[in-house]
Amino acid sequence: MPDFSLFHVAGSAMAAQSQRLNAIASNMANADSVAGPDGKPYQARQVVFEYAPLARQANQAATALTGMNSSFTGQTLGQPLDQRAGMGGVQVRSVALSDAPARKEYRPDHPLADEQGYVSFSNVDPIAEMVDMIAASKSYEANVEVFNTSKSLLRKTLTLGE
């Protein structure tokens, strides 16, 4: 029986990297923001990932594929196969606000300048965001390749029986 957990793993990685790219886009769009709806400068968002075991999904798929066949349950020694192998995907745990200090510029004529003439801008570092964007897009592309290669191998496997 084919194991479709690989598609779940690659899909979860693509979804997580997509959310990471959305956060980067938001950060870049607000890099020069002075004030948000609350009157404070925009704070950069950072996506936090966590391991997401796929044992339940893989076992449900195995059960669906094998029907009532009890010889293959997707479990070995009472523990899900994917869990024993340490396999799993990734998911977004949270989107945290950066605690980096706001960037201050001396602009005494600006309407939002403080008493000393400084204006607080967002804490977004455009160079770090660009590096993060490249890393996220490369990870996304790599997982697309994993997905496509797996699909191609599965097709070839299915045509062997013809």
Side-chain angles (χ1 to χ4, degrees), residues 2-65 74 80-107 109-114 117-157:
D3 183 9
F4 295 105
S5 64
L6 183 62
F7 294 107
H8 293 291
V9 172
S12 72
M14 289 186 289
Q17 294 301 339
S18 180
Q19 286 188 343
R20 182 177 171 198
L21 286 167
N22 284 335
I24 293 166
S26 178
N27 290 344
M28 292 297 287
N30 289 288
D32 291 322
S33 294
V34 177
D38 59 359
K40 296 178 182 177
Y42 176 85
Q43 286 182 281
R45 272 69 173 156
Q46 297 173 336
V47 178
V48 179
F49 294 149
E50 71 180 357
Y51 169 74
L54 293 175
R56 183 173 15 139
Q57 293 173 347
N59 287 334
Q60 287 172 351
T63 302
L65 288 172
L81 182 60
D82 285 350
Q83 198 173 50
R84 288 190 62 223
M87 296 187 315
V90 64
Q91 67 186 13
V92 174
R93 179 181 204 169
S94 64
V95 179
L97 297 177
S98 171
D99 58 357
R103 185 181 82 229
K104 292 190 177 255
E105 288 185 18
Y106 183 69
R107 293 191 181 176
D109 294 338
H110 195 281
L112 295 177
D114 61 13
Y118 286 94
V119 178
S120 294
F121 286 86
S122 72
N123 61 355
V124 174
D125 179 0
I127 295 171
E129 294 297 328
M130 291 297 291
V131 170
D132 204 26
M133 180 188 64
I134 292 167
S137 66
K138 291 296 181 185
S139 179
Y140 188 93
E141 289 172 13
N143 282 288
V144 167
E145 278 302 312
V146 167
F147 194 89
N148 288 335
T149 301
S150 300
K151 184 172 67 171
S152 175
L153 291 173
L154 184 60
R155 276 192 186 138
K156 288 179 183 177
T157 302

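Residue numbers count from 1 along this sequence.
The two residues R20 and V47 have their closest heavy-atom pair at CA-CG2, 3.7 Å. When every heavy atom of F121 is checked against every heavy atom of D32, the shortest pair comes out as CD2-O, 3.5 Å. Closest approach of I24 and A136 over heavy atoms only: CD1-CB, 4.3 Å. Scanning all heavy atoms of the two residues, the minimum distance from A44 to V124 falls at CB-CG2, 3.9 Å. Contact record, P41 with S122: CB-N, 4.0 Å, taken as the closest heavy-atom pair. What you find for H110 and V119 is that their closest heavy atoms are CB-CG2, 3.5 Å.
Taking OH from Y118 and CD from E105, the interatomic distance works out to 10.5 Å, rounded to the nearest 0.5 Å. Here the CG atom belonging to L21 is positioned 12.0 Å from the CE atom belonging to M28, to the nearest 0.5 angstrom. Atom CD of Q17 is separated from atom CE of M133 by 13.0 Å, given to the nearest 0.5 angstrom.
Checked by atom type and distance alone, the side chain of S120 never pairs as donor or acceptor with a backbone atom of A102 at under 3.5 Å. At distances below 3.5 Å, not a single donor-acceptor pair connects side-chain atoms of S152 with backbone N or O atoms of N148. Here the side chain of D132 pairs no donor or acceptor atom with the backbone of A128 at under 3.5 angstrom. Judged purely by atom type and a 3.5 angstrom limit, S12 uses its side chain to pair as donor or acceptor with the backbone of V90. Side-chain atoms of T157 come within 3.5 Å of backbone atoms of L153 as a donor-acceptor pair (strictly under, hydrogens ignored). Side-chain atoms of Q43 come within 3.5 Å of backbone atoms of S98 as a donor-acceptor pair (strictly under, hydrogens ignored). A donor-acceptor contact shorter than 3.5 Å links the side chain of N123 to the backbone of A100.
The salt bridge (Lys or Arg N to Asp or Glu O under 4.0 Å) check on D114 picks up nothing, with sequence neighbours excluded. E145 meets the side-chain contact (heavy atoms from CB on, under 4.5 Å) test with T149; sequence neighbours excluded.
The shortest side-chain heavy-atom distance between V146 and S150 falls under the 4.5 Å cut-off. Between K151 and R155, the closest side-chain pair of non-hydrogen atoms falls below 4.5 Å. At a threshold of 4.5 Å between non-hydrogen side-chain atoms, the residues Q46 and D99 do not count as touching.
Listed by first and then second residue, the salt bridge (Lys or Arg N to Asp or Glu O under 4.0 Å) pairs involving residues 33-47 amount to none (not counting sequence neighbours).
Applying the 6.0 Å contact sphere to CZ of F49 captures more than 12 heavy atoms from other residues, nucleotides or ligands.
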